[in-house]
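Here's the structure we're looking at; comments come further down.
Numbers for residues simply follow the sequence, beginning at 1.
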Amino acid sequence: MEIIIVGIVLIFIITYRSSSGSGVYKFINEQKNRLYDKYAPYSYKEMRRKIKELGLDYTPRQYFVQIVLFAGIAGVVGYLYFYNLIVSIVYAVIAVAFVPYITYLRSKRQYSEFIFEQIQVYVTNTIMEFATTQAFIKSLEGVVESGILEEPVLSDVKTMIALSYEKGDVNDSIAYMNAKYPYFMVKNMHQLFLQVTKEGAKDTEETFDNMLTDIDALVEGVYRDRMDRSEFHKQFLIFGVALYGIVMLIQLLLGVDSYIAMLDNKLIIVLLHALVIINTLFLLRGEKYYNENVGAE
């Protein structure tokens, strides 16, 4: 057992020393980026780049703390369930392997929230610009020139403008934006602009004012939902981690010596592994739901 532990430590030291990094935080970050650049899809790379640009990504130190936390919890759970150091180490390694997946989920949620905010800015300011210009394309140009939009929405609005001038109407540009950002408020605003453009509707000020009011109510509901979900997420994690403590209750009822004696039964070992796996899947599904179903609309 001692040889295995020493071997693992030696492998880490050799790998670390072969790195050009000057510290453990830099080393871990370099390894993560190397794997990410090799395997991550292009769209995810763009999403990660934007998250870093916004300053929402974890620092190397925060990633290191997360790795230590995952490994520590998994190692303790593995040991308290099986009283086997090898199993404990294996569980710790598996837990650390989930860090990139958790990072992906978190980044996806942050990016979705950023895009929703940008779309809200796009819709709101286009409507307000229209009150002055009384022309859809001029409104888009005014929004672009104001400098309030960020990439990638900024480039997409520029594409809308270019398509409109190229085709001579707004149909293709609106279809492009609706397909790229299928939010209700985008489709509703574009539909209203189509009616104004084709039918020459008059006295649209009240209609647009009502739409702005609806958007404000929608945004308020989204932010309230985010706060509620964030609070529920914290409680969910506490509950999920606490479920691993079921084995402590079993040991308290049976006694530690009796529990250890039970571990000689292979069926008990299988059931304990199944208990850990089921609880872990429960946590992962909860994380996936929290980060993917952001409830934008």
Under 3.5 Å, side-chain donor or acceptor atoms of residues 135-143 against the rest of the protein: list the pairs with distances, not counting sequence neighbours.
residue : atom : partner : partner atom : Å
Ser139  : OG   : Phe130  : N            : 3.2
Ser139  : OG   : Thr133  : OG1          : 2.9
Ser139  : OG   : Ala135  : O            : 2.7
Glu141  : OE2  : Tyr165  : OH           : 2.7

Side-chain (Gln118) to main-chain (Glu150) donor-acceptor, under 3.5 angstrom: yes

Validation row: Glu53, Phe114 side chains within 4.5 angstrom (heavy atoms): no

Beyond-backbone contact of Gln66 with Leu69, side-chain heavy atoms, under 4.5 angstrom: no

Tyr63/Asp57 under side-chain contact (heavy atoms from CB on, under 4.5 Å): CA gap, chis, key distance, verdict: CA-CA 10 Å; Tyr63 275 118; Asp57 192 26; 2.7 Å; yes

Between Asn291 and Tyr104, a side-chain donor and acceptor under 3.5 Å: no

Any side-chain heavy-atom pair of Met189 and Ile174 under 4.5 Å: no

Separation of His233 NE2 from Tyr290 OH (nearest 0.5 Å): 6.0 Å

Criterion side-chain contact (heavy atoms from CB on, under 4.5 Å) on Met185 and Phe116, from CA distance to verdict: CA-CA 11 Å; Met185 59 179 167; Phe116 175 77; 3.6 Å; yes

Heavy atoms from other residues, nucleotides or ligands near OH of Tyr79 exceed 12 (cutoff 6.0 Å): no

Shortest non-hydrogen contact from Pro100 toward Val96: CD-O, 3.8 Å

Joint hydrophobic cluster, Leu105 plus Leu237, side-chain heavy atoms closer than 4.5 Å: no

Test item: Glu166 and Leu163 side chains (from C-beta on) under 4.5 Å apart, heavy atoms: yes

Leu272 to Tyr81 - nearest heavy-atom pair and separation: CD1-O, 3.6 Å

Steps toward side-chain contact (heavy atoms from CB on, under 4.5 Å) verdict (Met177, Val157): CA-CA 8 Å; Met177 201 65 172; Val157 175; 3.9 Å; yes

hydrophobic_cluster_shared for Phe239 and Ile102, side chain cutoff 4.5 Å: no

Would you tabulate the side-chain donor-acceptor contacts of residues 241-257 under 3.5 Å, counting partners in other chains and residues two or more places apart, or write 'none'?
residue : atom : partner : partner atom : Å
Tyr244  : OH   : Thr280  : OG1          : 2.7
Gln251  : OE1  : Tyr83   : OH           : 2.6
Gln251  : NE2  : Leu80   : O            : 2.8

Validation: residues 210-221 side-chain donor-acceptor distances under 3.5 Å, sequence neighbours left out:
residue : atom : partner : partner atom : Å
Asn210  : ND2  : Glu206  : O            : 3.3
Thr213  : OG1  : Asp209  : O            : 3.0

Ser230 side, atom OG; Gln235 side, atom CD - distance, nearest 0.5 Å: 10.0 Å

Sub-4.5 Å side-chain heavy-atom contact between Val123 and Tyr183: no

Minimal non-hydrogen separation, Gln110 against Leu56, with atom names: NE2-O, 3.6 Å

Hydrophobic cluster membership, Phe70 vs Leu284, 4.5 Å side-chain cutoff: yes

What side-chain donor-acceptor pairs closer than 3.5 Å can you find for residues 87-95, not counting sequence neighbours?
residue : atom : partner : partner atom : Å
Ser88   : OG   : Gly75   : O            : 2.5
Tyr91   : OH   : His273  : ND1          : 2.6

Main-chain N/O of Met160 paired with Ser164 side-chain donor or acceptor, under 3.5 Å: yes

Ile161 reachable from Val186 in the ILVMFWY side-chain graph, under 4.5 Å edges: yes

Rounded distance [0.5 Å steps], CG in Asn178 versus OG in Ser173: 9.5 Å

Pair Asp156, Tyr181: side-chain N/O donor-acceptor within cut-off below 3.5 Å: yes

Those residues that, when tested against Ser107, pass side chain to side chain donor-acceptor pair (under 3.5 Å) (two or more places apart): Arg48

Distance in Å, Asp225 CG paired with Met227 CE, rounded so as to fall on 0.5 Å steps: 9.5 Å

Arg226 CZ to Asp228 CG distance, which is reported to the nearest 0.5 Å: 12.5 Å

Sub-6.0 Å ring centroid separation between Phe64 and Tyr58: no

For Asn279, all residues meeting side chain to side chain donor-acceptor pair (under 3.5 Å), sequence neighbours excluded: none

Lys/Arg-Asp/Glu bridge criterion (N-O < 4.0 Å) met for Glu46, Lys50: no

Thr124 (side chain) donor-acceptor with Gln120 (main chain) under 3.5 angstrom: yes

Phe232 six-ring face occupied by Arg229 cation (under 6.0 Å, within 45°): no

Heavy-atom closest pair, residues Leu154 and Glu151: CD2-OE2, 3.8 Å

Audit row: Arg106, Thr103, side-chain contact (heavy atoms from CB on, under 4.5 Å) steps and yes/no: CA-CA 5 Å; Arg106 182 177 63 247; Thr103 299; 3.8 Å; yes

Exercise: do Glu113 and Tyr223 side chains pair donor with acceptor under 3.5 Å: no

Minimal non-hydrogen separation, Asp172 against Asp169, with atom names: N-OD1, 4.1 Å

same_hphob_cluster(Phe82, Leu275) at 4.5 Å side-chain heavy-atom cutoff: yes

